[in-house]
Amino acid sequence: MAADFPPDDADDGLVAKARPGDNAEPLSISEISNILKRTVEDRFGFVRLRGELSGVKRAASGHLYASLKDEKAVIDAVMWRGNTQRLPFQPEDGLEVVASGKLTTYPGRSKYQIVIERMELAGEGALLALLEKTRARLAAEGLFDEGRKRRLPFLPRTIGVVTSPTGAVIRDILHRLADRFPSRVVVWPVLVQGQGAAEQVATAVRGFSAMPQGHADRPDLVIVARGGGSIEDLWSFNEEQVVRAIAECSIPTISAVGHETDTTLADFAADRRAPTPTAAAEIAVPVRAELAATLTDFEARTKRAILRPVQLGRERLEARADRLPQPDALLQPQGQRLDDLATRLGHGLRERAARARERLQSDRARLNAPLLKSRLSQAQERLAATARLMVSLDPDNVLKRGYVRVVGPDGTLTDRAEAAKHPALTLKFRDGDLAVSTGDAPPPAPKRKPAPRPKAKGTPPAQDDLFG
């Protein structure tokens with residue numbers, strides 16, 4: 001209700017006084033601020049504003065503070081922590097958004113502002129602009145450099161898959177792996193779209209990366225996969241936390257998000273991009289049949305490489321053997337020479353035999369029978385004279401005439417002094433020996449001839465000794 005003001009000619013007092021008929025009590029600043037707050041909130045309990053974000057900052061409490069502006073006006077905005085956690089994107093300066101919430105006032109600064117409950121990008125163009133800004137910022141940090149990307153393992157024993165456990169993607173991957181090279185697959189189930197999907201994907205990738213070496217479930221390769229969709233459906237894989245988790249993963253990764261024409265920031269951060277999840281399975285493992293064929297080919301090539309020197313050596317040996325003369329050709333001159341020598345030997349032997357025959361005939365002609373008889377008679381006479389001389393010189397022949405031959409240990413003795421040196425002597429008589437002693441010692445017993453052995457009946461008489 002409007003108050004009645006005093007007339008202009010009334011005296012202005014120094015102290016405020018109640019005037020007659022005035023029922024408008026003065027309001028405090030807090031009271032008018034609360035009245036304005038209720039009025040604004042009642043009138044603008046729900047509004048949707050479109051504008052460009054400016055001065056975006058997050059407080060330690062998790063609340064988001066920013067401004068929405070267009071060409072002519074600016075309005076402050078605040079978004080409480082519970083709502084910021086559900087944002088599907090990271091607010092940045094310059095993004096055009098549509099904010100839904102309610103208008104209110106902030107008495108502390110006499111400002112009005114919008115309390116945002118929901119914030120969306122203002123069209124696909126704004127989404128692409130955010131994507132490009134995020135890509136440029138992360139690329140400047142080196143997350144997309146080709147030099148940091150690693151080679152994929154040739155034949156991973158365990159493959160980790162980060163995807164939805166109920167979609168067609170995991171079935172396609174498992175089916176393709178079974179066709180090419182059956183492998184052990186560990187699935188980390190996550191949401192691939194909507195609120196909380198980015199957090200789950202980042203947590204799964206970091207979870208695989210954090211597994212210690214030697215852990216039974218630690219994969220040799222990680223596949224981050226999702227089927228195709230719109231840019232909004234795939235937005236979780238453009239989130240910074242997902243990109244950083246993939247870039248920091250200690251295990252080689254393959255990004256298989258969307259179809260061939262879909263591209264996300266996860267594709268740039270991964271070590272390898274696959275156009276489809278099925279293609280990721282094909283990249284992850286080779287074809288077992290092709291490996292077997294390759295091994296067979298390597299085995300054959302190895303055998304050929306081993307046998308090639310032997311084959312070359314055999315060929316060289318055969319070539320050199322062909323250049324050698326034949327054994328018959330080598331032996332023919334020697335055989336001819338042998339034949340020549342054999343012929344010459346036969347002729348020589350015949351010639352020598354002929355010459356010897358001629359000499360024999362010549363000597364035979366010179367031989368004379370009377371001459372030979374004369375020479376034989378002379379030889380017989382010389383032999384008879386020698387025999388007579390031997391008989392006359394035999395010392396035992398004189399024993400028949402009464403002589404005795406004294407024999408000592410060393411033979412026949414002729415001197416008395418020599419005989420006296422021996423204690424025993426032997427006297428040889430015509431009819432036997434007699435042992436005698438030259439001193440006091442008894443003479444040795446005479447040696448007796450052994451009695452002749454009786455001849456066995458039918459034994460022929462022994463041959464006479466020519467020297468007995």
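Being a predicted model, the structure only gives us computed values, none of them experimental.
Inspection of the Ser230 and Asp233 side chains reveals an N or O donor paired with an N or O acceptor under 3.5 Å. Side chains of Glu117 and Asn83: no donor on one and acceptor on the other come within 3.5 Å. For the residue pair Ser164 and Thr166, a side-chain donor N or O sits within less than 3.5 Å of a side-chain acceptor on the partner. No donor-acceptor contact under 3.5 angstrom links the side chains of Arg304 and Gln311, judged on distance only. Counted by atom type alone, His347 and Arg344 present zero donor-acceptor pairs between their side chains at under 3.5 Å. In summary, the side chains of Ser250 and Ser209 do present a donor paired with an acceptor at a separation below 3.5 Å, with no hydrogens or angles considered.
Counted within 6.0 Å of CZ on Arg58, heavy atoms from surrounding residues, nucleotides or ligands total more than 12; the atom is thus considered enclosed. Counting heavy-atom neighbours within 6.0 Å of Arg288 CZ, excluding the residue itself, gives a total of 12 or less. Residue Leu324 places its CG atom among more than 12 non-hydrogen atoms of other residues, nucleotides or ligands, all under 6.0 Å distant. Annotation for Glu315: atom CD counts as buried by contact number, over 12 foreign heavy atoms lying within 6.0 Å. A 6.0 Å sphere centred on CZ of Arg272 holds no more than 12 heavy atoms belonging to other residues, nucleotides or ligands. Heavy-atom neighbours of Arg148 CZ from other residues, nucleotides or ligands within 6.0 Å: above the threshold of 12. Around atom NE2 of His215, more than 12 heavy atoms belonging to other residues, nucleotides or ligands sit under 6.0 Å away. Atom NZ of Lys133 is surrounded by more than 12 heavy atoms from other residues, nucleotides or ligands within 6.0 Å.
Side-chain N or O atoms of His259 include none that pairs as donor or acceptor with a backbone N or O of Thr261 at under 3.5 Å. For the pair Gln195 (side chain) and Gln85 (backbone), a donor-acceptor distance under 3.5 Å is present. Under a 3.5 Å cut-off, the side chain of His63 and the backbone N or O of Arg81 do form a donor-acceptor pair. Between the Asp70 side chain and the Lys72 main chain, a donor and an acceptor come within less than 3.5 Å of each other. In this structure, the side chain of Asn238 engages the main chain of Leu265 through a donor-acceptor pair within 3.5 Å. Remark: the backbone N or O of Ile251 is paired with a side-chain donor or acceptor of Arg150 at under 3.5 angstrom. Between the Asp76 side chain and the Ser67 main chain, no donor and acceptor come within less than 3.5 Å of each other. A donor-acceptor pair under 3.5 Å links the side-chain atoms of Arg226 to the main chain of Gly228, judged by distance alone. Looking only at distances, no side-chain donor or acceptor of Asp267 sits under 3.5 Å from a matching main-chain atom of Arg273.
A salt bridge links Arg118 to Glu120: at least one charged side-chain nitrogen sits closer than 4.0 Å to a carboxylate oxygen. Between Arg176 and Glu282 a salt bridge is recorded (basic side-chain N to carboxylate O distance below 4.0 Å). Under a 4.0 Å N-O distance rule, the pair Glu141/Arg244 qualifies as a salt bridge. Salt bridge Lys421/Asp410: absent, no basic N to carboxylate O contact under 4.0 Å.
Heavy atoms only, all atoms of each residue included: Pro277 and Ile173 are closest at O-CG1, 3.7 Å. Closest of all the heavy-atom pairs between Val243 and Ala266 is CG2-N, 4.1 Å. Ser183 and Ile159 make their closest contact through CB-CD1, 4.2 Å (heavy atoms, listed as atom of the first residue, atom of the second, distance). Val74 approaches Lys69 most closely through the heavy-atom pair CG2-CB, 3.7 Å. Nearest heavy-atom pair across Gln90 and Leu95 is O-CD1, 3.9 Å. Considering all non-hydrogen atoms of both residues, Phe208 and Val186 come closest at CZ-O, 3.7 Å.
Using a 4.5 Å cut-off on side-chain heavy atoms (C-beta onward), Val224 and Ile254 make no contact. Counting only heavy atoms from C-beta outward, the side chains of Arg151 and Pro252 never approach each other to under 4.5 Å. Within the 4.5 Å cutoff, the side chain of Lys102 has no heavy atoms near those of the Phe46 side chain. Within the 4.5 Å cutoff, the side chain of Thr264 has no heavy atoms near those of the Trp235 side chain. Side-chain contact between Val115 and Trp80 is present, with at least one heavy-atom pair separated by less than 4.5 Å. Side-chain contact between Thr104 and Val40 is absent, with no heavy atoms from C-beta onward closer than 4.5 Å. Within the 4.5 Å cutoff, the side chain of Glu31 has no heavy atoms near those of the Asn34 side chain. Side chains of Ile75 and Leu103 form a contact here, defined as non-hydrogen atoms less than 4.5 Å apart.
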Criterion side-chain contact (heavy atoms from CB on, under 4.5 Å) on Val97 and Leu68, from CA distance to verdict: CA-CA 9 Å; Val97 298; Leu68 288 174; 3.7 Å; yes

Could you go through Arg157 and Arg184, starting from their C-alpha distance and side-chain angles, then the distance that decides it, and tell me whether this counts as side-chain contact (heavy atoms from CB on, under 4.5 Å)? CA-CA 6 Å; Arg157 292 176 297 179; Arg184 183 170 180 264; over 6 Å; no

Would you sort out whether Arg314 and Glu318 count as a salt bridge (charged side-chain N to carboxylate O under 4.0 Å, His left out), showing the intermediate values? CA-CA 6 Å; Arg314 184 181 292 108; Glu318 292 176 355; 5.1 Å; no

Might you work through the side-chain contact (heavy atoms from CB on, under 4.5 Å) test for Val222 and Val162, ending with a clear yes or no? CA-CA 7 Å; Val222 174; Val162 179; 4.2 Å; yes

Phe237 vs Asp262, side-chain contact (heavy atoms from CB on, under 4.5 Å): CA-CA, chis, key distance, verdict: CA-CA 11 Å; Phe237 299 91; Asp262 298 326; over 6 Å; no

Derivation of the salt bridge (charged side-chain N to carboxylate O under 4.0 Å, His left out) call for Arg137 and Glu132: CA-CA 9 Å; Arg137 179 165 52 81; Glu132 180 58 26; over 6 Å; no

Take Lys149 and Asp271 through the salt bridge (charged side-chain N to carboxylate O under 4.0 Å, His left out) test and state the conclusion after the steps. CA-CA 5 Å; Lys149 296 187 178 182; Asp271 296 301; over 6 Å; no

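Here the OG1-CD1 distance, from Thr39 to Ile35, works out to 7.0 Å after rounding to the nearest 0.5 Å. Taking NZ of Lys37 as the reference point, atom CD1 of Ile32 lies at 14.0 Å (rounded to 0.5 Å). In this structure, the separation between OG on Ser255 and CD1 on Ile223 is 10.5 Å, given to the nearest 0.5 Å. Separation of atoms CG (Asp93) and NZ (Lys57) is listed at 11.5 Å; rounding is to 0.5 Å.
The aromatic rings of Phe144 and Phe268 sit tilted relative to each other, their planes meeting at an angle between 30° and 60°.
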